[in-house]
There are 2 protein chains.
Amino acid sequence: MATQLDNFDRKLLMEVQRDAQIPQTELGVRVNLSTAAVNRRLRRLADEGVIDRYSAIVAPEKVDYPLTIVANVEVESEQIDLLDAMKRTFAQCPQIQQCYYVAGEWDFVLVMTVRNMDQYTELTRQLFFSNNNVKRFKTLVSMSRVKVGLGVPVDIVDE
Amino acid sequence: MATQLDNFDRKLLMEVQRDAQIPQTELGVRVNLSTAAVNRRLRRLADEGVIDRYSAIVAPEKVDYPLTIVANVEVESEQIDLLDAMKRTFAQCPQIQQCYYVAGEWDFVLVMTVRNMDQYTELTRQLFFSNNNVKRFKTLVSMSRVKVGLGVPVDIVDE
DNA sequence: TCTGAAAATGGACCTTT
DNA sequence: AAAGGTCCATTTTCAGA
């Protein structure tokens with residue numbers, strides 16, 4: 001599953017995770033590689049799916065989505081088709097940024113971004129109260145987004 | 001706080017959140033604007049901080065970080081400097097992708113990506129057990145990353 | 001790795017509202 | 001003034017030798 005990477009790849013991944021707009025010439029300088037080599041490697045990393053995609057990260061508070069909420073959900077039944085239906089519902093909801101199906105005290109952890117509490121209340125109606133398979137849920141309101149990202153560590157190793 | 005946006009901006013934000021590599025000419029076709037106008041608007045959105053940054057999204061399982069874990073943390077004291085110290089520690093830890101300081105049953109929610117359970121165990125030592133201000137924590141292991149992103153909804157409105 | 005063509009970005013300048 | 005469009009120079013990407 002894990003693709004073969006060398007330290008050049010890892011350094012490149014580190015850089016483009018931080019900032020995907022750095023020109024390949026500059027990346028070449030930073031990792032000590034020619035522009036063409038950087039170009040080939042980035043293409044390969046994208047083709048292999050190591051780089052899933054490139055994305056603009058939008059500041060939610062600037063587009064009037066100032067509230068981040070974490071919701072934990074416990075289900076009634078773990079029957080596969082019921083779970084799949086829930087996963088699809090959660091995945092489709094634009095306000096749900098992340099949904100993890102977890103083992104432990106809860107079954108789902110949702111990270112949501114909303115305009116205000118009213119919108120969240122409305123979403124709990126749609127997603128939780130009107131869903132027979134939701135046994136209970138608990139809301140955690142974020143007071144501070146201390147760290148928000150999808151960055152994956154890439155550890156430089158001795159080769 | 002929320003910047004003035006029109007529907008052109010919103011459509012652009014939708015597009016570049018999904019895929020930041022679409023050329024500005026193509027974006028122009030999609031939103032019905034000249035390339036130059038797209039260019040100006042994207043620059044403005046970045047300057048104003050609406051677009052926080054551009055990032056390559058790496059698939060964690062491809063770089064041998066197959067495990068996602070959500071950890072809830074309760075603190076002993078909410079004294080400001082102790083909290084700040086914790087926030088800094090969490091923010092610095094490369095395996096912590098996200099850290100929210102929350103109100104509710106817990107004080108922090110952490111979303112972590114790790115190589116294996118051993119690494120997580122080691123991290124709990126460093127972050128939780130060896131920190132006097134951690135009263136208790138609870139671990140939720142993700143079995144499925146149903147939806148993972150930082151996308152913010154941008155609602156097209158009548159103007 | 002180097003070179004060069006093709007593509008994309010971004011500024012200058014003029015026009016429209 | 002604020003924003004759009006066209007045109008053009010510069011920068012960047014990316015393939016072939």
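Residue numbers begin at 1 in each chain, while the letters A, B, ... track the order of the sequences.
Only Ser34(A), Ala36(A), Arg40(A), listed by number, bring a heavy atom of residues 32-57 of chain A to less than 4.0 angstrom from any atom of DNA chain C. Residues from residues 6-22 of chain A lying near DNA chain C, meaning a heavy-atom separation below 4.0 Å, are absent.
Remark: Lys147(B) is not positioned above the aromatic ring of Phe90(A), lacking an NZ or CZ atom under 6.0 angstrom from the ring centre and at most 45 degrees off the axis.
At distances below 3.5 Å, not a single donor-acceptor pair connects side-chain atoms of Asn133(B) with backbone N or O atoms of Leu82(B). Panel note: side chain Arg115(B), backbone Asp64(B); a donor-acceptor pair is recorded below 3.5 Å. Side-chain atoms of Asp9(B) come within 3.5 Å of backbone atoms of Asp6(B) as a donor-acceptor pair (strictly under, hydrogens ignored).
For the residue pair Asn39(B) and Gln24(B), a side-chain donor N or O sits within less than 3.5 Å of a side-chain acceptor on the partner. Tyr65(A) and Asn116(A) share no donor-acceptor pair across their side chains, judged by distance under 3.5 Å alone. A donor and an acceptor atom, one from each side chain of Gln21(B) and Tyr54(B), are nowhere located under 3.5 Å apart.
Residues meeting the ring pair (Phe, Tyr, Trp, His ring centres under 6.0 Å) test with Phe8(A), sequence neighbours left out: none. Partners of Thr139(B) under the side-chain hydrogen bond (donor to acceptor under 3.5 Å, both in side chains) rule, at least two apart in sequence or in another chain, are Tyr120(B). A search for salt bridge (Lys or Arg N to Asp or Glu O under 4.0 Å) contacts involving Asp52(A) returns nothing, not counting sequence neighbours.
Here chain A contacts DNA chain D (any atom closer than 4.0 Å to a heavy atom, that is under 4.0 Å), and the contacts span dT12(D) to dA15(D) from 5' to 3'.
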